[in-house]
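Both counts, for ligands and for their atoms, begin at 1 and track the order of listing. Throughout, residue positions are numbered sequentially from 1 according to the sequence presented.
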Amino acid sequence: MDLSIVVPLYNEEESIGELFAWIQRVLKPLEWEYEVIFVDDGSSDKSWAVVNEMAEKHKEVKGLKFRRNYGKSAALHVGFEAARGDVVITMDADLQDSPEEIPELVRMIKEEGYDLVSGWKKKRYDPLGKTVPSKLFNRTVRLVSGIKLHDFNCGLKAYKKDVVKNIEVYGEMHRYIPLIAKQNGFEKIGEKVVQHQERKYGVSKFGIERTLKGFLDLLSVTFITKFGKRPMHLFGGLGTFIFFVGFVAAVWLGGHKLWFVYCGIKAPLVTDSPYFYISLVSMIIGTQLFLAGFLAELISRSSPERNRYHIAEKIL
Ligand code: UDP
Ligand code: MG
């Protein structure tokens with residue numbers, strides 16, 4: 001199969017029929033073998049009935065329905081598992097992403113050899129409360145990840161099949177798919193300016209709280225990439241440093257006291273010195289960090305992921 005289009009949807013009954021008709025119109029002249037996988041993320045409206053109706057009439061339509069709303073990442077995850085095409089496209093169901101972009105995206109994957117091509121909504125039709133935080137968000141992610149994309153969270157993306165079969169999107173990590181792909185060794189990541197429309201029907205499913213969640217997730221993603229498999233290097237490193245500071249303070253304090261005693265001068269109380277508190281707090285925190293490191297090692301040791309590597313090619 002040439003192409004799989006994965007469409008996560010949550011209460012988009014008015015949009016999906018129109019979206020599928022548009023996809024058909026664009027792909028018809030190309031004569032590709034393709035499938036459109038609608039993943040109903042626990043909609044409470046008639047979306048699933050619409051998907052059923054379309055599936056009866058068109059063999060290209062596939063559908064998966066969650067029993068409840070799990071979120072966009074979960075929907076993408078099961079869509080990726082089901083996808084059979086050599087190229088996989090994801091797009092939002094709300095008609096904000098244009099199917100006209102599909103042929104060019106597929107060409108970039110197939111002919112230019114990209115692992116992943118992300119859409120860039122250069123001219124965006126969203127409210128200001130969404131576009132401004134988004135600029136800040138993208139700048140931060142660019143800085144942290146070193147991936148030169150302008151629009152990490154764009155719903156319209158294209159992937160080589162290998163990528164979607166080897167990465168795992170969970171929680172709300174759909175914002176960071178390019179990072180997750182890069183962590184897994186898919187380094188050729190490109191970008192294409194795409195058309196964007198105003199939402200035609202329904203309402204946005206994400207509120208302003210997405211900004212905070214997004215930044216917290218960024219911390220997790222970077223932490224897990226760097227230290228997920230060797231947490232002791234972080235906690236142990238920090239713990240050693242802080243313990244050392246406390247230890248030096250304690251030695252200094254003890255030495256000071258002994259010197260006074262040795263010289264027969266009346267020594268001040270150890271508890272009067274600020275170093276006493278510094279050494280106490282530092283040594284406790286340092287030990288705690290060490291313990292956190294050991295616990296994290298135990299956890300990562302029992303993770304089924306601990307020896308999961310992607311073998312790109314084989315000669316056996
Ligand atoms: N979506 C989903 N599950 C959710 C929230 C959203 O599958 O819990 C889908 C939604 O139906 C749409 C896409 O994710 O197809 C993007 O959502 P939305 O258009 O609300 O996001 P925005 O355009 O505001 O970023
Ligand atoms: Mg939208």
Worksheet, complete the sentence: Sequence neighbours excluded, the answer for side chain to side chain contact (heavy atoms under 4.5 Å, CB included) partners of L149 is S118, I147, F152, P178, I189, E191

Worksheet item: Measuring from each atom of ligand 1, which residues have a heavy atom under 4.0 Å away?
Response: P8, L9, Y10, E12, D41, N69, G71, K72, D92, A93, D94, Q96, K130, R199, S204, K205, F206, R210

Worksheet item: By the rule that ILVMFWY residues connect when side-chain heavy atoms come within less than 4.5 angstrom, directly or transitively, which residues belong alongside F243?
Response: F247, V251, M283

Worksheet item: With a 4.0 Å cut-off, would you call K182 and E187 a salt bridge?
Response: no

Discussion item. Does any part of the side chain of V117, heavy atoms only, come nearer than 4.5 Å to the side chain of K157, both counted from C-beta?
Written reply: no

Worksheet item: Taking the Mg ion (ligand 2) as the centre, how many protein N/O/S atoms fall inside a distance shorter than 2.8 Å?
Response: 2

Worksheet item: Does any donor atom in the side chain of S43 or D40 lie under 3.5 Å from an acceptor atom in the other side chain?
Response: yes

Worksheet item: Among side-chain atoms of T225 and Q183, is any donor-acceptor pair under 3.5 angstrom?
Response: yes

Worksheet item: Only one of R124, H150, R139 forms a side-chain hydrogen bond (donor to acceptor under 3.5 Å, both in side chains) with S134, so which one is it?
Response: R124

Discussion item. For D41 versus G71, what's the shortest heavy-atom pair and its separation?
Written reply: OD2-N, 2.9 Å

Worksheet item: More than 12 foreign heavy atoms under 6.0 Å from CD of E13: is that the case here?
Response: yes

